[in-house]
Amino acid sequence: MKDIIEQTKQEVEFLVKDALGRAVAKGTLPAQPIPAFTVEVPADTKNGDFACNAAMVSARAFHKAPRQIAQAIEEELVLEGSPFVKMEVAGPGFLNFFVAQDWFAGIVKSVWEQGANYGRTDLGKGKKVMVEFVSANPTGPMHIGNARGGAIGDCLASVLEAAGYDVTREFYINDAGNQIHKFGVSLSVRYQQIFLGEEAVPLPEDAYQGADIMQHAKNYADLHGDALMKVSEEERQQALVDYALPLNIEGLKRDLARYRIHYDVWFKESTLHESGAVQRAIDRLTQRGYTYEQDGTLFYKATAMGQDKDDVLVRSNGVPTYFAADIAYHYNKFADRGFDKVINIWGADHHGHVARLKGAMDAIGLDGRKLDIVLMQLVKLVRGGETVRVSKRTGKSITLATLLDEVPIDAARFFFNQREPASQMEFDLDLAVEQSSQNPVYYVQYAHARICSIFAGLEGKGITYAPEQGDLSLLTASEERELIRYLAALPGEINGAAKAYDPARITRYSMELATLFHKFYNACRVQTQDNALTQARLLLCGCVRQVLCNVLDMLKIDHPEHM
């Protein structure tokens with residue numbers, strides 16, 4: 001679908017350039033290249049629907065005052081066949097364009113006709129994009145950072161889909177390497193403590209300390225008794241990992257599904273090692289001259305790609321590092337599965353790894369520019385103005401699961417997407433459960449419910465909704481025009497959010513749309529003595545309801561009809 005705002009801006013640009021060309025041809029202006037100029041929707045549309053600074057930026061090129069240039073443009077401007085009824089020169093030389101009422105009517109018709117597809121664009125042209133997000137360590141429950149990353153990643157994927165990309169959502173399961181070894185050690189110690197006591201088998205300081213580890217060990221003991229006390233340490237760890245890890249992974253899937261996140265692919269790190277992909281990636285780097293061996297350790301020449309130091313690929317004990325697996329994983333994304341763009345959502349503490357991995361993609365023969373990393377800042381939970389670190393219900397550290405026990409899923413997904421990923425945020429637990437206009441998600445949902453109640457109320461009075469009877473030329477109130485203009489902005493907002501990897505733009509859009517609807521509702525009676533006006537306003541209400549649904553569906557947030 002075309003971006004009506006952008007299309008109209010392009011028409012302004014064409015008209016201005018055409019007028020400048022005519023002025024040059026007549027000799028009113030000298031033959032000079034036209035400098036780049038901008039067309040925008042002004043903050044105050046009382047002075048025009050679109051504003052252009054062409055005359056202002058052309059003063060030096062034409063050696064004339066901006067006002068003179070603006071008057072030359074005005075004299076040569078041809079508006080016939082355009083969406084504009086007039087252009088006025090304002091101040092020192094601004095060009096203000098005013099659209100015809102048909103322009104507003106066309107937007108309403110467009111929303112009505114396209115329905116659930118309204119706002120969708122072809123920016124991506126079907127390019128294959130992977131969004132990898134959360135990818136939490138499967139050795140424990142997901143924390144609040146994962147909760148924010150999940151909301152951001154899932155909503156970004158939806159935005160990219162709306163912008164015409166072929167999107168795959170992926171979770172990378174770190175089921176190999178040091179963290180799994182530590183997981184096994186922790187489980188083994190807790191299991192042995194059941195039979196020998198904590199003093200006999202102390203827990204190493206770097207082991208996982210969580211109660212979930214103790215619970216896994218207890219559950220295994222309840223099922224199998226002390227059978228693992230009679231085997232080697234290696235066998236005991238492996239058996240406990242084989243038991244507990246699948247349960248943890250299923251727990252991740254269950255909690256994320258509750259959070260309305262469903263992945264297309266759950267990719268296991270272990271498959272990279274088992275298939276030989278890690279070794280093949282290392283071999284490729286070696287063939288391209290980007291590795292060297294020192295004291296039995298294999299290094300990647302990161303310094304050759306602009307980094308401060310080289311990185312270990314294979315330790316002296318022959319075990320590949322996590323970085324080696326990460327290179328193999330991203331080689332798989334691009335070379336084996338053919339993604340045009342890969343977007344990873346990472347915590348801000350991973351910022352040092354961004355350039356390393358992008359450089360490694362170049363070193364292995366791929367294009368590191370096709371890998372984009374969205375760095376996400378920390379979340380501070382607040383209740384009663386105080387920072388909160390434990391769940392009110394359980395008294396334990398707040399995880400994704402305990403957060404969703406305390407606040408509605410709609411609020412969690414909306415709140416985490418209220419600010420761009422790179423900004424730190426406070427999550428107000430009290431506000432998230434408040435049913436008032438102060439709660440932003442409630443405010444947006446209430447706008448949808450209010451529209452539903454308008455239709456239900458008029459139906460109860462025997463007034464049938466008949467949009468074909470509406471006369472859209474009657475929607476001339478400033479509040480109506482402002483609302484319609486904002487409906488037209490949705491495709492541009494979707495494209496902007498897709499380009500910036502910032503789904504918070506869509507959340508903000510929904511809040512502003514709700515505000516403009518409430519403003520319209522308070523200023524313009526929907527039910528009037530004029531049926532044509534009533535039907536036109538009902539159609540406008542229906543279009544706002546449709547766009548709210550489209551936006552909330554993108555965010556995977558409910559749009560109730562009653563509140």
Side-chain angles (χ1 to χ4, degrees), residues 134-146 171-255 266 268-274 278 296-297 312 314-326 347 349 389-391 393-403 405:
V134 180
S135 297
N137 194 329
T139 58
M142 285 175 288
H143 52 69
I144 292 301
N146 300 136
F171 188 112
Y172 183 54
I173 305 173
N174 303 120
D175 64 337
N178 279 338
Q179 74 275 8
I180 297 301
H181 173 69
K182 187 161 72 171
F183 187 50
V185 169
S186 307
L187 287 167
S188 176
V189 170
R190 291 304 193 190
Y191 176 81
Q192 293 176 73
Q193 286 177 348
I194 294 172
F195 303 100
L196 302 176
E198 292 188 14
E199 292 185 3
V201 193
L203 187 70
E205 286 186 12
D206 64 342
Y208 293 123
Q209 308 286 325
D212 56 306
I213 300 292
M214 298 175 68
Q215 192 61 51
H216 278 314
K218 181 181 182 303
N219 290 345
Y220 188 94
D222 290 343
L223 288 170
H224 303 287
D226 65 351
L228 294 183
M229 297 297 291
K230 304 164 187 174
V231 301
S232 68
E233 175 63 19
E234 184 178 350
E235 290 177 281
R236 180 164 50 247
Q237 289 184 23
Q238 189 61 55
L240 288 165
V241 168
D242 289 345
Y243 165 76
L245 191 60
L247 294 176
N248 277 6
I249 293 171
E250 284 306 309
L252 295 177
K253 292 181 178 181
R254 183 174 59 252
D255 289 343
W266 289 78
K268 290 187 174 182
E269 179 188 349
S270 58
T271 63
L272 296 169
H273 296 276
E274 293 163 1
V278 175
T297 299
V312 175
V314 183
R315 302 179 185 90
S316 58
N317 61 4
V319 178
T321 61
Y322 179 84
F323 187 47
D326 214 13
D349 57 332
R389 291 186 175 84
V390 296
S391 167
R393 186 178 64 84
T394 66
K396 299 177 182 178
S397 173
I398 294 182
T399 63
L400 171 60
T402 55
L403 176 72
D405 288 338

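In this text the structure is predicted, and so the values were computed from the model without any measurement. Computed from heavy atoms alone, side chains included, the values below leave out hydrogens, waters and symmetry copies. Start at 1 with the first residue, then count along the sequence.
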S.K.: Restricting to salt bridge (Lys or Arg N to Asp or Glu O under 4.0 Å), what partner residues turn up for D206, sequence neighbours left out?
M.R.: none
S.K.: Indicate the atoms forming the closest heavy-atom contact of R236 with M229, along with that distance.
M.R.: NH1-CA, 4.0 Å
S.K.: Would V185 and Q237 count as a side chain to side chain contact (heavy atoms under 4.5 Å, CB included) here? Give the steps.
M.R.: CA-CA 6 Å; V185 169; Q237 289 184 23; 3.6 Å; yes
S.K.: Quick one: side-chain contact (heavy atoms from CB on, under 4.5 Å) partners of V319, sequence neighbours excluded?
M.R.: R315, N317
S.K.: Between Q193 and V201 (side chain of the first, backbone of the second, donor and acceptor by atom type, cut-off under 3.5 Å), is there such a pair?
M.R.: yes
S.K.: Could you pull out all residues at least two apart from D255 that satisfy side-chain contact (heavy atoms from CB on, under 4.5 Å)?
M.R.: M142, L400, A401
S.K.: State, to 0.1 Å, how close S186 and A207 come at their nearest heavy-atom pair, and which atoms those are.
M.R.: OG-CB, 3.4 Å
S.K.: Working to the nearest 0.5 angstrom, can you tell me the gap between N219 CG and H224 NE2?
M.R.: 10.0 Å
S.K.: CG of D222 to CD1 of I194: how many Å apart, nearest 0.5 Å?
M.R.: 7.5 Å
S.K.: List the residues meeting salt bridge (Lys or Arg N to Asp or Glu O under 4.0 Å) with E274, not counting sequence neighbours, and say none if there are none.
M.R.: none
S.K.: Measure the spacing between OG1 of T399 and CG of D405 and express it to the nearest 0.5 Å.
M.R.: 8.0 Å
S.K.: Under 3.5 Å, side chain of N248 to main-chain N/O of P138, donor-acceptor pair present?
M.R.: yes
S.K.: With heavy-atom distances below 4.5 Å as the criterion, would you say the side chains of Y220 and L187 are in contact?
M.R.: no
S.K.: I want to check something: taking the side chain as every heavy atom from C-beta on, are N137 and Y208 in contact at a cut-off of under 4.5 Å?
M.R.: yes
S.K.: If you look at every heavy atom in G140 and D212, which pair is closest and at what distance?
M.R.: CA-OD2, 3.8 Å
S.K.: Measuring from I213:CD1 to T139:OG1, what's the distance to the nearest 0.5 Å?
M.R.: 6.5 Å
S.K.: Around atom NZ of K182, are there more than 12 heavy atoms from other residues, nucleotides or ligands closer than 6.0 Å?
M.R.: yes
S.K.: Taking it one step at a time, do Q238 and E234 satisfy side chain to side chain donor-acceptor pair (under 3.5 Å)?
M.R.: CA-CA 6 Å; Q238 189 61 55; E234 184 178 350; over 6 Å; no
S.K.: Roughly how far apart are L252 CG and W266 CH2, rounded to 0.5 Å?
M.R.: 5.5 Å
S.K.: Taking all atoms of both residues into account, what is the closest heavy-atom pair of Q179 and A176, and its distance?
M.R.: NE2-O, 2.9 Å
S.K.: Return the minimal non-hydrogen interatomic distance between P320 and G318, and the atom names on each side.
M.R.: CD-O, 3.5 Å
S.K.: What class does the angle between the rings of Y191 and F195 fall in, given that below 30° is parallel, 30 to 60° is tilted and above 60° is perpendicular?
M.R.: perpendicular
S.K.: Taking side-chain contact (heavy atoms from CB on, under 4.5 Å) as the test, write out the residues that go with E250, two or more places apart.
M.R.: K253
S.K.: Under 3.5 Å, side chain of T321 to main-chain N/O of V312, donor-acceptor pair present?
M.R.: yes
S.K.: Would you compute the distance between atom CD1 of I180 and atom CG of L245 and round it to the nearest 0.5 angstrom?
M.R.: 5.0 Å
S.K.: Return each pair, listed once, that meets salt bridge (Lys or Arg N to Asp or Glu O under 4.0 Å) where at least one residue sits in residues 237-247; pairs must be two or more places apart or across chains.
M.R.: none
S.K.: Taking the side chain as every heavy atom from C-beta outward, state whether L240 and H216 have any pair of such atoms under 4.5 Å apart.
M.R.: no
S.K.: Looking only at heavy atoms, which two atoms of E269 and A325 are closest? And how far apart?
M.R.: OE2-CB, 3.7 Å
